[in-house]
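Report on the following structure.
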Amino acid sequence: MEEEVAQRKIIHVDMDAFYASVEQMDNPDLRGKPLAVGGGGKRGVVSAASYEARVFGVRSAMPGFKARKLCSDLIFVRPRFDRYKEISDQIRKIFFDYTDLVEPLSLDEAYLDVTENKKGNPSATLIAKEIRQQIFEEVGLTASAGISINKFVAKVASDYNKPNGQKTVNPEEVVEFLEDLDVKKFYGVGKVTRAKMYQMGIYTGKDLKSKSEEFLTQNFGKSGKHYYQIVRGIHLSEVKPNRQRKSLAAERTFSDNISSEIYMLERLESIAEELQKRLKNNKVSGRTVTLKIRYSDFSLQTRSKTLPYFVSDADILLETAKELLYQDTMKNSVRLLGISLSNLNTGKDKKKQKEKEEVEIVQLRFDF
Ligand SMILES: [Mg+2]
C-alpha cells in the first residue's frame with residue numbers, strides 16, 4: 001500500500017512560451033521577432049514573451065512600458081484566450097492517449113502520472129519524448145518536460161532544458177538533485193521567503209536539509225514542514241485528474257469596454273444569478289466572495305471578502321460584489337467582470353491527507 005503511493009513516474013509537461021508561440025504560429029509575420037502578449041500601453045502588462053523578446057530581458061508580469069524600454073522593437077499583441085484554450089484542449093487530448101491521470105496546472109502545463117500507462121511503456125523518459133513529438137506534429141508547438149518520482153521534482157526538472165528539451169531525474173539521483181538546487185527553485189518559495197532563507201544562510205537544498213523540522217516550522221510555519229519533506233524527496237501529492245473544486249465562478253467579457261457603474265451593477269446582477277445557478281447545480285456554498293475586474297488594458301484586479309457564513313444566494317453574492325466594487329476606484333474602463341466563490345463547503349478529506357503525510361519515502365527500483 002505504502003509503496004503504491006510513493007512509487008510514481010511523473011511527467012511535468014510545460015509548453016514553451018505558450019501564448020507567444022501560439023501567436024507566432026498563427027501569424028508568420030511574427031515569427032523570429034521579439035513579441036509580447038499583453039498590453040503595451042501605460043498600464044499594460046506582459047503576460048507572455050517570445051524567446052526573441054526574452055533575450056532583451058522581457059519577462060511575463062512585467063509592465064508594458066518597461067518591456068518597451070528594454071526592447072524598442074518589441075511587438076505587442078492582444079491575448080486571445082479562446083484560441084489558447086482551444087490549443088490547450090488539443091494538447092490535453094494527446095495526454096489522454098497515454099494516461100487518464102492528467103492534472104492541468106494552467107492552460108500550458110500539466111502533470112501526468114504514467115506509472116501505469118495506456119501504451120504499456122515502462123519508460124517515462126521515452127513517453128515524455130513521444131508526447132513532445134506528438135504535440136509538435138499535431139499542434140505545431142514545442143514543449144519541455146521534466147520526469148521524476150514526484151510532482152515537485154518533475155516540475156523543477158521541466159525547466160532545465162527549456163525550450164524544446166526534457167530532463168529526467170532518476171530515483172537514485174533525486175537526493176543529490178535536490179541538495180544542489182537553489183532554494184529559490186523550491187515550489188512555494190517566493191521573493192520574501194527566499195530573502196529570509198538567504199539571510200539564514202540557506203542557499204541550497206543541502207543547506208535546507210541541515211535544518212531541523214522544528215527550526216523550519218518555527219520560522220516558516222506550515223510551509224516549514226513542507227520544505228523539510230520536499231528536500232528529502234518526499235512529496236506525496238498525487239496527480240489529481242478530478243481536482244476537487246476550490247472555487248466556482250461566473251464572469252462576462254463585454255464586447256465594448258464599460259466605464260459606467262450603472263452598467264457594471266447591471267452586469268453583476270446577471271453574473272451573480274449565473275453563479276447561483278452553478279452553485280446550486282454543484283450543491284455547494286462558500287464563504288469568500290471575489291470580484292474580478294479585467295480592465296481595458298488587460299490588467300487584472302481582484303477584491304475579496306470572506307463572510308462569517310456560507311452563501312450561495314444571488315442576492316448576497318450581488319450585495320457583496322457591489323461592496324467590493326465600491327471599495328476602490330476603477331483604474332479605467334472595464335472589459336470583464338466576474339464573481340467567484342471560494343472557501344467552499346465541499347468537506348476536505350483530512351484523514352486521507354494525514355495518512356499520506358505519514359507514508360515514508362521508499363527507495364525506488366524500477367525502469368525510468
Ligand atoms: Mg509554459
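In listed order, ligands and their atoms are each counted from 1. Not measured: the values here are computed from a predicted model.
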For [X] and [Y], test the side chains for any donor-to-acceptor distance below 3.5 angstrom and give the result as yes or no.
X    : Y    : result
D14  : S144 : no
S106 : D108 : yes
D328 : Q301 : no
R132 : N164 : yes

Contact flag [X]/the Mg ion (ligand 1), N/O/S atoms, threshold under 2.8 Å:
X    : answer
D108 : yes
M15  : yes
D16  : no

With respect to the Mg ion (ligand 1), what is the nearest N, O or S atom of D14?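 Looking at D14, the N, O or S atom with the least distance to the Mg ion (ligand 1) is OD1.
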